[in-house]
Every structure is written in C-alpha cells, then in structure tokens.
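Have a look at the structure below before the remarks.
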Protein chains: 2
Amino acid sequence: MHSREDLEKEVMVAARDQGIGSVLFRNALGRKLGVNVTDNECLSFLTIQGVATPSELAHYTGLTTGSTTAMLDRLEKAGFIMRKPNPKDRRGVLIEVNKKWMAAAGPLVAGIQSAHRELLGSYSDKELIVIADFLKRFTYNVHEHTKKIEEDTPSTLSR
Amino acid sequence: MHSREDLEKEVMVAARDQGIGSVLFRNALGRKLGVNVTDNECLSFLTIQGVATPSELAHYTGLTTGSTTAMLDRLEKAGFIMRKPNPKDRRGVLIEVNKKWMAAAGPLVAGIQSAHRELLGSYSDKELIVIADFLKRFTYNVHEHTKKIEEDTPSTLSR
DNA sequence: TCGTATAATCAAGTTACTTGAAATTAGAGA
DNA sequence: TCTCTAATTTCAAGTAACTTGATTATACGA
C-alpha cells in the first residue's frame, strides 16, 4: 500500500508536525501562566536543563545578552528564577528555576507527561531502541547544520 | 545493559533534545537571514504549511491579531510574504510565502534536508513505520493536552 | 603581568507588542 | 429575507520588550 517514498515522506511530515505541535503546546502553557512568549521559552528551556548561564539562555531564545539581562530581571522579580554565583567562573552567574514556576507549570504538564509514558509503554524494547536512535541521529543532523549556518559567512540578503 | 526504565527515559530525553535543537536551528536561520525571532517563526510555519490565515499565524506565534497585522505588514514590505483574498471568507485573507524567502532560506536548509533524507534511507520499511507511528501518536498527545490547557478555566497564578 | 577575550549588566534609543475600537462579512435564527 | 451576534482583520495609542554600544569584572593565553 505504501511505497518506500511515501513512507519516508510520512516520517518527515510527522516530524515537522511534531515540531509545530510542540510550539503550540508551549504557547498555550505560557498564555495560561501569563508569561510572554520569550520568557516562556526561557523557562521551558530551564525546566528541561535545570540550570543554564545567561549566555546560553540568550543563545537559545535568540536574544542579545542585553535583552537577556532584562528578561532575567523580569523573571527574577516575578519569582520564577534565581541567579546564583557560578562557582566555575566568577564573571558569570547560573540561572535556576524556582519552585514557584514548577508548582505553576507542573500540574499543566503532568497530563502530557503521563500520556507520553503510556505511549512509550506500548512499544517493545527493540522498537524503543529504533525510536531513540532515530531521534538522536535526527538531532545530530540538526546540530551539525546549525553549526554550519552559524559558521558560514553572513548572508547577503538585502531587505 | 539497558533496563526498560532507562530505555524509556532515553527516548524522552532524545525527544526533548530534538525540540531544543529545532529551536536553535530556526534561530540560527533567522539570525543569518536578518529576521527577528517572531517573524522567523512565522515564516518557518508558512514554509511548512504553504498558506495560512492571519488568525492561524497569530495562534502559532502567540501574538494578538493586532501584532500579527503589524508583523505581516513588515514581512510584506520586506517582500517575504503576500496577502491574497480568501475565496472562502471575504472577511479574511490568506498569507503565502514569496519566492524571495524561499530563495534566501532554501540554500540554508538544503543541507539538513538531504541529511535527513539520508538518515531515513538507513532504516528498513518496518522501522520507518514504527518511527512514523511514534511521532504521530506523540503529536496526538501534544495536541490533546494543548486543547485541555486552552479549555480549562484560567489559572490563578499571581505574579 | 600584560593584553585580549569573555560574561553580565546598564542606559538610551528603537522596535515590537497589547489593548480597545472600528469596518466588514459570516452564519444562525425569527 | 432580515436581524443579531460572532468572527476576521485592521488601526491608533500606549506600553513593554529588544538592540546597540559602553562599562565592569574576571578569565586566560603569551
């Protein structure tokens, strides 16, 4: 019923839809919790990573370091994050998410997390290995080509 | 070597890393092409979807419809998108990406696309079916819980 | 220890965003 | 058909967030 070509396309489309869905989910979460898109992306990154430096957050959010300072001021004032001294570099700080954010976001992500766990439970070990392998290699491609874009000389696109 | 628990966790981590990687890739692309984060997310969505209404773009980007109008004005002025009348609804318009954007972004995404195609080529039909199935069911979860968050009564989180 | 690079912050100016209202059309019900 | 309400987009005024360039402090290589 499915040609090889269709099958490959199906995976590509499914991967893209997944990306779109994730953005929509995070936006819904941010709206619900009353944080703007940028702050929400930052908090979502921190929730996954645990801690990060302002530089890393600037890179992830696509902001300049100046805007990142302002964003962290906002989030700190709101009680969602904490600045801690970086023991490895006295110039910098480490950012941590506070319990206030976890307590607010936790209940909203609990449902999807358990749904994902249930989904994973429906696969055999062998299948999970294939899935993990695919995701890792896919992500590797993304990283490699991100580096390539960042390294290449600036584009000449005129606006 | 791997417990079942480890295996499931590995997939979850891989899925999250993939999401983070995608954001970083899109940001790199936007920086390179000189468009801000919001405009870039919008263009990336349009590139995938082909066409969309301003309302859909507002929802995807997390903007109000007012900001979306301003964003579309920017992108139209820059020559990246086009407003077309919506034949199905004379109140609204349809947004399309112009060749100018495709020509600018195309070369930067060509590499990753062929890398992804090569990656898919390394899997058997059976494996691709598992991967596609996983991605679809994962995305289904995301959609369902996005709806749930949007439907629930507003949060009482005070800032 | 000198010079350069990196991390974060700050202040001034600019850009993008929100809010609330207006214009236009859709769609449902009398 | 004719209202009435809802939906889609736009607009103008005010606010919030972002960029740029400079500053402070520390790291790190020569």
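Lettering follows sequence order; numbering is per chain, from 1.
- Remark: C1' of C:dA8 and CD of A:Glu56 are 14 Å apart, rounded to the nearest angstrom.
- Applying the 4.0 Å criterion to OP1 and OP2 of D:dA27, one finds that A:Arg90 has a side-chain N or O inside that range.
- Salt bridge annotation for B:Glu76-B:Arg83: present, with a cationic side-chain nitrogen under 4.0 angstrom from a carboxylate oxygen.
- In this structure, A:Leu57 places its CG atom 16 Å from C1' of D:dC18, rounding to the nearest Å.
- Annotation: of the two residues near DNA chain D, A:Lys88 and A:Thr65, the 5′-most nearest-nucleotide partner is A:Thr65.
- You'll find that the side chain of B:Pro54 is closest to D:dT9, out of C:dA8, C:dC17, D:dT9.
- A salt bridge between A:Glu8 and B:Arg117 is absent, with no side-chain N of the basic residue lying under 4.0 Å from a carboxylate O of the acidic one.
- Judged purely by distance below 3.5 Å, without hydrogens or angles, the side chains of A:Ser67 and A:Thr64 pair a donor atom with an acceptor atom.
- Aromatic ring centres of A:Phe138 and B:His116 lie closer together than 6.0 Å.
- Counting any heavy atom pair closer than 4.0 Å across all strands shown, A:Thr53 reaches sugar-phosphate atoms only and no base atom.
- Which of D:dC18, C:dT18, C:dA16 sits closest to the side chain of B:Arg74 comes down to C:dA16.
- Atom CG in A:Leu72 sits roughly 13 Å away from atom P in D:dA17 (whole-Å rounding).
- In this structure, the nucleotide among C:dT18, C:dT9, D:dT9 sitting nearest to the side chain of B:Ser67 is C:dT18.
- Residue A:Thr38 places at least one side-chain N or O under 4.0 Å from the OP1 or OP2 atom of D:dC18.
- Using a 4.0 Å heavy-atom criterion, one finds that B:Asn86 contacts no nucleic acid atom at all.
- Protein atom CG of A:Asp89 is 7 Å distant from nucleotide atom P of C:dA8, rounded to whole Å.
- For B:Leu75 and C:dC17, the CG to C1' distance is 15 Å, given to the nearest whole Å.
- As judged by a 4.0 angstrom heavy-atom cut-off over every strand, B:Gly92 is placed among residues touching the sugar-phosphate backbone only.
- Rounding to whole angstrom units, CG of residue A:Asp39 and P of C:dT18 are separated by 12 Å.
- The distance from atom CG of A:Asn36 to atom P of C:dT18 is 8 Å, rounded to the nearest whole Å.
- In this structure, NZ of B:Lys77 is placed 10 Å from P of C:dT15, rounded to the nearest angstrom.
- Remark: of the listed residues A:Asp39, A:Thr38, A:Thr69, A:Asp39 is the sole one forming a side chain to side chain donor-acceptor pair (under 3.5 Å) with A:Arg74.
- Out of D:dT8, C:dC17, D:dA27, the shortest distance to the side chain of A:Arg91 is found at D:dA27.
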